[in-house]
Every structure is written in structure tokens, then in C-alpha cells.
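Working notes, beginning with the structure itself.
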Amino acid sequence: MRVNIVEKDAPFRLAALECAASCIVSALDIRGLDRRLFLMGYWHTVYYEGLLMSAQNIKWIELAYEYGIQTRMTSGPPGEVAALLERGDMAIVLCRASELRFFPASMLGFESTGFYHCVLAYGKGEADNSFLVTDSVAGFRGAMTTEELDRAGVRSQEWVYCHLSFNASYRQPELRASFLRETNRILDEYVSDGRSAIDSFLGVLAESGQWDPVKRRSWTDRNNIALAALSKMRTIVWQSYLDTGLLGAEERETGSRLAEKIVRGWTNVNLQLVRYGISGVPRSSDSIRSGIEEVVAAELLLLKLLAGSEREPE
């Protein structure tokens with residue numbers, strides 16, 4: 001049986017709505033692995049369930065190249081999870097945040113719209129039928145009983161979870177190789193999937209002018225949280241690139257200026273969205289559209305800088 005190496009510091013906090021990514025970062029920290037390799041590839045822009053956000057579905061997160069970690073979505077009884085923990089693996093368990101004793105009530109707004117939460121089970125507790133669990137979104141690390149996890153589960157009689165299978169003999173690629181791989185990948189994804197997400201959001205924004213005020217305010221309020229989280233993740237990802245030490249002085253200066261412009265731009269868009277949610281004035285919608293296009297232009301410049309490429313989008 002391999003022994004988990006538990007980090008001494010508090011769980012590293014990502015943004016709201018990033019529970020799956022937060023679990024992965026916690027798993028990497030617990031095993032003493034470099035979280036930067038994962039975060040460098042986390043420049044996402046998706047439109048999902050009415051939200052423009054950065055969060056990625058756990059089913060599409062790939063950890064094999066950088067860490068040799070195999071991921072598999074599955075379900076089964078608590079005994080299966082206990083067995084894989086005994087082998088030194090971990091499980092990201094889907095749950096209902098409202099049933100977690102430690103989850104802040106102020107953060108429960110998205111459960112009613114169909115969003116599940118997840119926590120990381122990374123070891124067996126000292127007591128029988130207990131698991132060591134961390135939830136950095138809620139700032140929790142401690143033991144949970146089988147009964148507690150059962151009650152919070154999303155399916156009766158079994159747990160739905162992502163199995164993280166570690167390979168102790170895997171040798172990580174050099175940092176520069178990961179840097180080159182991720183910079184090109186996030187640029188390609190942004191040009192295709194990111195643009196599509198932005199267009200979906202802008203299309204709904206145009207339609208929202210015809211909605212009743214209550215529906216429009218609900219949509220803008222939820223997107224205020226999602227965009228604040230997206231902005232925070234941009235800061236975290238950019239800092240991960242800075243921390244590699246692989247950027248030259250000019251690249252660091254130019255990139256930091258663009259990153260600041262991006263965060264400021266998303267913040268301004270969010271403020272405009274607040275005003276639009278309250279007033280519904282069409283010109284506010286026009287300002288949001290204009291602001292987003294400015295942010296997109298800045299993000300493309302930063303991603304091209306990181307990829308070291310001047311190529312135009314296809």
C-alpha cells in the first residue's frame with residue numbers, strides 16, 4: 001500500500017464553480033506533484049446551463065501526459081472507494097453541496113439549477129467507515145463518515161465518482177515540454193470552442209432584452225458569479241506561467257500588461273452586466289458586447305504570446 005503525502009498548508013483555493021479542478025489541484029498537492037502543469041492548461045471558456053464560465057467538465061480533464069494519472073468516471077458502493085484508497089488512489093465524489101455539513105449556505109445558489117458539487121476522498125480515516133476528505137471550495141479538510149457521504153450522494157445506494165489512478169513509476173515530462181504543449185493547446189481551444197461559447201452568451205444576451213425582469217435578473221446574477229470566477233482563474237493560470245521561469249523579461253512584462261487588461265476587462269463587463277440586470281436598458285447590452293470583444297482580443301494576444309506564434313485564427 002502506498003502512503004499519501006498530505007500537504008501541510010491549507011487547501012489551495014481556486015474560484016467558485018471550480019470544484020472539480022479544485023479537487024484535482026488538492027490531489028496533486030497531496031501527492032507532492034507540480035500543480036502548475038495542470039493549471040497552465042486551464043484557460044477554458046464555456047457556455048453551459050446559461051453560464052459563461054471557465055469550469056471544465058470532469059469527464060474531459062486529462063492528466064495522463066503530465067502526471068501519468070488515469071481518470072475514469074464510474075459508480076459503485078462505498079467499499080469500492082475504500083479499496084482504491086487503500087491502494088493509494090483517490091476519488092472525486094459527486095455530491096449535493098446542501099447535504100454537506102461544512103458547506104456555506106451563502107454558496108448554495110447553483111444547486112437548484114442542476115449543478116452538482118464534488119469533494120476529494122484521498123485516504124481512509126482513523127475511525128471505521130470514515131474517509132479523509134478535502135473540499136477547498138468550502139475550505140474544509142477532515143474526516144467524513146460513510147453515512148455522511150451517502151446522504152450527500154447524487155445517486156441512491158451508490159457513489160458516483162471519478163477514480164484517480166496514480167502510477168508511482170511515471171516520470172513527468174520536462175517543464176518546457178509541458179509549457180509548449182499547453183500553450184498551443186489552449187490557444188487552439190480558445191479560437192474554436194472559446195469563440196463558440198462567447199457567441200452563445202452574446203446570442204442569449206440579445207434575446208434577454210425580451211425577457212421579463214425577474215428572469216433577466218436571475219440570469220445576470222448567476223453570470224456575475226460565473227464571470228468573477230472566470231476572471232480569478234485567468235489570474236491563477238497566468239501566475240502559473242510566470243512561476244515556471246520560462247518567460248523572458250519582455251514576455252513577462254507584455255504578458256502581465258495583457259493579463260491585467262483581461263482581468264480589468266472582465267470586471268468591467270461584470271459591472272455592466274449588473275447594471276443591465278437591474279435596468280434592462282438595451283444600450284447596457286451593447287456595452288457588454290463591446291466590452292467582451294475587447295477582452296477576447298486581449299486574450300488572443302496573450303495566448304499567442306504564450307504559444308510563441310503570430311499565426312492568425314483559422
Side-chain angles (χ1 to χ4, degrees), residues 13-22 42-57 96-98 100 103-118 137-139 190 193-238 258-300 302:
R13 286 179 179 267
L14 296 183
L17 302 176
E18 295 288 356
C19 56
S22 295
Y42 208 79
W43 195 283
H44 304 302
T45 311
V46 298
Y47 189 71
Y48 176 74
E49 294 292 337
L51 298 177
L52 185 64
M53 58 185 184
S54 64
Q56 186 180 34
N57 191 308
R96 291 170 293 156
S98 60
L100 298 172
F103 202 87
S106 61
M107 299 170 62
L108 290 174
F110 288 89
E111 186 169 292
S112 62
T113 60
F115 280 81
Y116 287 135
H117 188 56
C118 55
V137 172
Y190 190 81
D193 299 342
R195 183 68 249 186
S196 176
I198 294 289
D199 289 341
S200 295
F201 175 83
L202 292 176
V204 175
L205 176 67
E207 296 173 3
S208 67
Q210 306 303 316
W211 296 350
D212 70 78
V214 173
K215 179 181 179 180
R216 183 171 56 248
R217 182 66 181 272
S218 174
W219 180 75
T220 57
D221 283 353
R222 289 186 295 117
N223 272 284
N224 289 146
I225 297 172
L227 289 179
L230 184 150
S231 179
K232 181 177 179 180
M233 287 305 300
R234 297 303 199 237
T235 300
I236 291 173
V237 174
W238 171 241
L258 286 169
E260 182 180 350
K261 181 177 181 179
I262 289 165
V263 172
R264 186 171 61 250
W266 281 121
T267 300
N268 289 336
V269 166
N270 221 351
L271 290 173
Q272 294 283 355
L273 194 63
V274 170
R275 298 189 185 103
Y276 176 62
I278 296 171
S279 68
V281 176
R283 65 173 177 272
S284 296
S285 174
D286 294 338
S287 296
I288 294 168
R289 180 180 297 273
S290 176
I292 285 179
E293 294 298 351
E294 289 182 10
V295 175
V296 168
E299 292 199 330
L300 274 172
L302 178 58

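The structure displayed is predicted, hence computed values, not measured ones. Note that these values count all heavy atoms, side chains included, but never hydrogens, waters or copies made by symmetry.
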* Asked: Can you check whether V46's main-chain N or O pairs, donor with acceptor, with D193's side chain at less than 3.5 Å?
  -> no
* Between the main-chain N or O of L51 and the side-chain N or O of R222, is there a donor-acceptor pair closer than 3.5 Å? -> no
* Asked: Does NZ in K261 sit with more than 12 non-hydrogen atoms of other residues, nucleotides or ligands closer than 6.0 Å?
  -> no
* Structure fact -> Closest non-hydrogen contact found for S54 with A229 is OG-O, 4.4 Å
* Hey, can you tell me if F201 and Y47 have their rings parallel, tilted or perpendicular (30° and 60° cut-offs)? => perpendicular
* Would you name the heavy atoms of A298 and L258 that are closest together and state the gap between them? => O-CD2, 4.2 Å
* To do: May I ask you to check whether T220 and R275 show a side-chain donor-acceptor distance below 3.5 Å?
  => no
* Looking only at atom types and distance, does a side-chain atom of N224 sit under 3.5 Å from a main-chain N or O of L273, one as donor and one as acceptor? -> no
* Is the backbone N or O of V214 less than 3.5 Å from a side-chain atom of S218, with the two atoms forming a donor-acceptor pair by type? -> no
* **Closest contact, heavy atoms only, F103 versus A97** => CB-O, 3.5 Å
* What pair of heavy atoms forms the shortest contact from W219 to S208, and how long is it? -> CZ3-OG, 4.3 Å
* Structure fact -> In terms of heavy-atom contacts, R216 and S279 come closest through NH2-O, 4.4 Å
* Asked: Do the ring centers of Y42 and H44 come within less than 6.0 Å of each other?
  -> yes
* Answer yes or no: is there a donor N or O on one side and an acceptor on the other, between the side chain of T267 and the main chain of V263, under 3.5 Å? => yes
* Asked: Rounded to the nearest 0.5 Å, how far does CD of E299 lie from CZ of R195?
  -> 10.5 Å
* Asked: Can you check salt bridge (charged side-chain N to carboxylate O under 4.0 Å, His left out) on E18 and K232, steps first, answer last?
  -> CA-CA 11 Å; E18 295 288 356; K232 181 177 179 180; over 6 Å; no
* Say you draw a straight line from CD1 of I198 to OH of Y190; how long is it, rounded to the nearest 0.5 Å? -> 5.5 Å
* **Pairwise distance CG(D212) to CZ(R217) - rounded to 0.5 angstrom** => 13.0 Å
* Structure fact -> Scanning both residues in full, the closest heavy-atom pair of A228 with N270 reads N-ND2, 3.5 Å
* May I have the step-by-step check of side-chain contact (heavy atoms from CB on, under 4.5 Å) for L52 and W266, ending in yes or no? => CA-CA 11 Å; L52 185 64; W266 281 121; 4.0 Å; yes
* Spacing of L14 atom CG and I236 atom CD1 [to the nearest 0.5 Å] -> 5.0 Å
* Structure fact -> The single option from I288, N223, L230 that satisfies side chain to side chain contact (heavy atoms under 4.5 Å, CB included) with V269 is I288
* Determine, stepwise, if the pair N268 / Q272 fulfils side-chain contact (heavy atoms from CB on, under 4.5 Å). => CA-CA 6 Å; N268 289 336; Q272 294 283 355; 5.5 Å; no
